[in-house]
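Remarks on the structure that follows.
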Amino acid sequence: MSRPHPRPHPVWVCLGLFAGSLSLTPIAWADDAYAKAQAAAAAGDAATAVALLREAQQAGAIDSALYHALGNALYRLPDPGAKPAAAAAWRRGLRLAPRNGDLAANLDRVREGFVDRIDPPPDAPPAFFWQNFLSTRESGALASLFTSLGLGIAIFARFRQRMIGALPPVFLLLGILLALSTYFAHDNAHTVIVLDPELAVRSALGPDGVELFRLHAGTEVRSLDSSGEHTLIQLPDDRRGWVQGASLLSTDPREPFPTFPTVGRGGTEPGE
Amino acid sequence: MWSFLLTTAWAARLQLAVETDSVTVGETIAMQVQLIDGLAEGVPEVEATRGLAVRYRGQGQETRMVNFETTRITTYTYALSALTPGEWTLGPVELVVGGQKMTADPITIRVKERDAGEPLPVSVEAQISAARPFVGQVVHYDLHLSYRQEIFEPRWTPPDFTGLVQEPTSEPDRQESRGRNNGVEVGIQTVRLAMMPLQPGPIELQPAVLTADLPIPADPRSGRRSVDVFGRTRTRPQTFATAPVSLKVRPLPEPKPADWSGLVGHFTLTSSQPPTTVALGDTLTLEYQIQGDGSLSGFKLPSLPKEAGFRAYDDAPEVRTTWVDGQFVARATFKRALVPEQVGDLEIPPLRLTVFDPTIEDWVTLTADPQRIEVTPGEASSTLQTFGGAAPDARAPVENLGEDILPAPVRASLGDESLQGALPALVGLPLLLGLLGTAQELRVRLRRRPPDPWIPLRDALGKLPAGRPERVAELERIFREAAGLRLGRPAPSLDRGAVSTLGPEAARLYTALEAARYGGDTPGELESQVSSLVQAWSTTRVTPAAATEVRP
C-alpha cells in the first residue's frame, strides 16, 4: 500500500492565492509615462503632464498614484475650468485608495473653492461602514479570502473525516457579507462631477422639461441613468433631473479620462 | 412699612423695590431686586449715580404656592445710602435669566438735606498724597474718619480705583488716635492705601462711603436715650460720603534713559563690603540694599558684564514695605554670590541703577562703588570651566508661509488597482475550491459504496476451469454462493432443504450438480442453467413473499 502524497494545508493555499490576486501586474510603459509626466510637471509643463498621464490611464494603468499626479497637473493648469477635472481625478484616486490622506486633503482643498454646498454621495450604505476605508478591490479580496478559507477548512475537515466545526460557516458568512458590501460599494460608485461653470438641470428630456435647479462646477452628484447624450442625476436630498452628459465627468476609475481642455465644453442642454 | 415702587420687566418678571423713594443725606435704606419664576446667572448689577451708594448684602430664595401654582422668588438685598442732596437715578438693573438679559427700569430717589441744627457727629475725608503724580509713582489714598461720639462698626466702601492699582507688596495702614477739636475730644481713624497710576491722564475717584451705626439721638423732651430691653443704646445705620478726589497723572519725561531700571521713586542704594581676598573657586557674597518711597515689586538686579571675570548667582530678593510716619517705604535686599573665574586682582564692577525721582522730577543714577579683590590660586590650581548657562530656549515654532496641494509620489509602479482587474482571481479562487470540495465529496461517497457480491460470481462463470471435475466443482461452488447470497446464509451451511426454498428450479439444479460430480449431466448444460439462475437472482431482490422487484 503506497503512502499518500503530502498535501499542502488548504489554509496556506488560500492565503497564497489571495496574495497572488492582490498583486499588481506592472505596466512598464505606464511607469515610463508617469516618470516623464512627473518630470514635465516639475519643469512647469502641466499640459504635457496631463497628456502623458491620460495616455497611461488609457493604456490600462488604473492607479491611485496616477490619478494623484493627474489631479495635481490639472490643478496647476491656468484654466480655472480645470479645477473640477482635478477634483474628478483625485476622486478616482480616492476610490482606489480610500485611506490616502494626501488625496483626501487635495480634494477638500479644491472643494473649498466650489460654489454649491452639496456633500458628495457616500461611498457605501451606512451598514457597510468599512467601505469608507476599504477599496472595492480590498473588500472583494477579503470576501474571496474568507469564502475560500471557509470552503478550504470544510474540505480539509471532510477529507480528514473530522467535524467541520463553527469556523467554516463563520468565514463563509463573513465572505458573503463582504461580497455584498463590495457589490453595493461598486454600485454606489456611479457618481459624476459637474464640469461646466453653470449647468441647468431639467425635469425631463424634450421640450416639455422644466428647469428645476442649477448646479455649478465641481459639484459631485449621483448618476442614475443615461439616455443618449443625457444623464439623470440625483442630489443627496433626492432631487433629480436630466443634464447634458458631456458636462459631467465620471468618478469611476475605469472610465476613460477625457482630454483637457475639451473636458467640460458640453453641447446643448436637454430638451433643446 | 414698605412702600414698594415696582418696575416690572417682561416675561419672567424682574422687580426693583426700595423701602422709600425719599431719604435724607446719610440715611441708609434697604433695596431689593426680586426675580420671580426665573433662573438667574450671577448677581444683578445696580447702577447708582454720585448721590447714592449701593452695597450688596446677600440673597435668599423662597417658594410660594397659591391656588396650586408654585412661584419661586429669588431676592437680592442691597443697602442704599444717600450721599448728596438731589434727585438721583437708581438703576437700571440687569440680570441674565435663562440665557437672556433682563432689565428692570430705573427709578428716581429724592435725597433731602440733613436738618440744620447740631453739627454732624461724624466727618469723613479722602485725600491723595500727590495730585499730579507720575506714571508708576507710589501715592497713598487716605481715608480719615473723625467722630465726636461713640460709633459702632464703621465700614468703609472705597471708590472704584480705575486707572490705579494697589502696590503689590503693601498692606493698608490703619491708625487710630484721639485729639481735640474746639475743646471737644474727637476720635480719628485713618486708613491709607498705597496705589500706583498706570497711565497718564486725569482720574476722578468717586466718593468713598463710610457706614456706621450711630446711637439714636436722645428724646429732646425727656432727654432719654432710646435703649433696648438689655439696656443697650439703640443705634441706626448712617452713611457718610467723602468728596470726590481728582488727580492728574503725568507721563515720565522723554527721552527715557536706555538703562532705566523701571523704578520710580526716591531711592538710596547701599552695598556691603566683601572680603578683599578670595581663593579661586570660592564664593563671596555681596549684599545690596535699595530703599525708597517707590515700588520695588518685581525688580531684579542688572546682570554683570561677561568680561567681569566673575560668575554671578542672584538670590530671590527680600522686599518689605512699611509705613513710616504716614509715608510708604519699600526696602529690598539683594544677595549676589560671585565666583571669580581667574586669579589676580579683579574689580567687581559698580552697580548702576537709573531711576526716576519724582521729588526732583528727573532721572537719577544710583551707584554702588566698584570693589577690588585679590583672587588667589587656592589649594589646588585648576582652570574653572564655565558650563553653558541656563540660556532661555530661544527656539520658535516653524511658521507657515503658505498652503498648497500635496504632491504625488515621485516614483510609482503603475498597475490596475480596480476591482475588475482582480475579479478573475477573486472569483476563481472560491470557485475552484468549491469544485474541489464537490469532487472530494463525490469521491468519498463513491469509495464507501459496498462492492456488489454478484459481480465476482458472474465473473467466475466466465472463467470456469477447463478440466471437467474442476469445472463441475466450480459450478457447484458458484451455485452454493449464489444460493447463500439469495438466502442470506453462508454457502457451506446450505443443504437440499434450504435450497429447495428457493424454488423447484433451484432444488433440481442442486441435485443435478451433485449428480454431475459423480458423472451426471454434462457441465455445459449445467453451466447455462447455473448462469441463468445466478443472473436471475442477481437482478431480483429477495422478498419473503412471492412477488419480486427488479433491482435497479
Side-chain angles (χ1 to χ4, degrees), chain A residues 10 13-14 17-18 20-27 30-31 33-35 38 41 56 60-66 68-73 75-76 86 95-97 101-103 105-106 109-110 135-137 139-141 143-145 147-148 151-152 154-155 158-159 161 175 182 186 253-254, chain B residues 395-460 463 481 485 552:
Chain A
V13 173
C14 294
L17 289 170
F18 168 73
S21 70
L22 281 184
S23 67
L24 302 177
T25 304
I27 304 169
D31 291 352
Y34 182 88
Q38 290 290 70
I62 315 298
D63 200 288
S64 57
L66 179 139
H68 190 165
L70 179 59
N72 284 17
Y75 187 85
R76 298 283 184 221
R95 285 205 188 281
L96 297 171
D102 290 358
L103 280 169
N106 287 357
R109 183 176 177 77
V110 76
S135 66
T136 50
R137 184 191 183 98
S139 60
S144 176
L145 172 67
T147 307
S148 303
L151 288 172
I155 292 170
R158 197 83 175 107
F159 175 73
Q161 297 184 346
T182 305
H186 182 69
R254 294 192 69 86
Chain B
R395 296 177 297 176
V398 177
E399 189 182 337
N400 275 341
L401 300 176
E403 289 184 355
D404 196 6
I405 54 175
L406 295 169
V410 174
R411 282 169 292 278
S413 180
L414 304 183
D416 189 345
E417 292 181 350
S418 66
L419 173 67
Q420 289 85 338
L423 209 55
L426 297 182
V427 172
L429 177 58
L431 199 63
L432 183 67
L433 284 170
L435 290 172
L436 216 66
T438 307
Q440 174 82 355
E441 191 65 18
L442 283 173
R443 189 167 72 98
V444 166
R445 286 184 183 272
L446 282 173
R447 270 192 180 175
R448 285 186 183 165
R449 188 181 293 178
D452 190 348
W454 295 98
I455 294 175
L457 293 179
R458 287 199 288 267
D459 290 344
K463 298 173 188 174
E481 291 286 343
L485 280 176

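Here is how names work: the chains are called A, B, and so on, in the same order as the sequence lines, proteins then strands, and each is numbered from 1.
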Consider only side-chain N and O atoms of B:E417 and A:S64, and report whether a donor and an acceptor are under 3.5 Å apart.
-> yes
Where is the tightest heavy-atom contact between [X] and [Y], given as atom of each residue plus distance?
{"X": "B:P407", "Y": "A:D102", "value": "O-OD2, 4.3 Å"}
{"X": "B:Q420", "Y": "A:H186", "value": "NE2-CE1, 3.0 Å"}
{"X": "A:R76", "Y": "B:I405", "value": "NH2-CG1, 3.7 Å"}
{"X": "A:G60", "Y": "B:D416", "value": "O-CB, 4.2 Å"}
{"X": "A:S144", "Y": "B:L426", "value": "OG-O, 2.8 Å"}
{"X": "A:Y75", "Y": "B:D404", "value": "CE2-OD1, 4.2 Å"}

If you tally heavy-atom pairs under 4.5 Å between each of B:P409, B:G437, B:G428 and chain A, the highest tally belongs to B:P409
Distance, nearest 0.5 Å, that separates [atom1] of [X] from [atom2] of [Y]:
{"X": "A:L66", "Y": "B:L414", "atom1": "CG", "atom2": "CG", "result": "5.5 Å"}
{"X": "A:I155", "Y": "B:L435", "atom1": "CD1", "atom2": "CG", "result": "9.5 Å"}
{"X": "B:S418", "Y": "A:I62", "atom1": "OG", "atom2": "CD1", "result": "6.0 Å"}
{"X": "A:S139", "Y": "B:L419", "atom1": "OG", "atom2": "CG", "result": "7.0 Å"}

Answer with side chain, backbone, both or neither: which region of A:A35 has an atom nearer than 4.5 Å to a non-hydrogen atom of chain B?
-> neither
Contacting region of A:T136 [heavy-atom separation from chain B under 4.5 Å] | both
For B:E441, is it the side chain, the backbone, both or neither that has a heavy atom under 4.5 Å from a heavy atom of chain A?
-> side chain
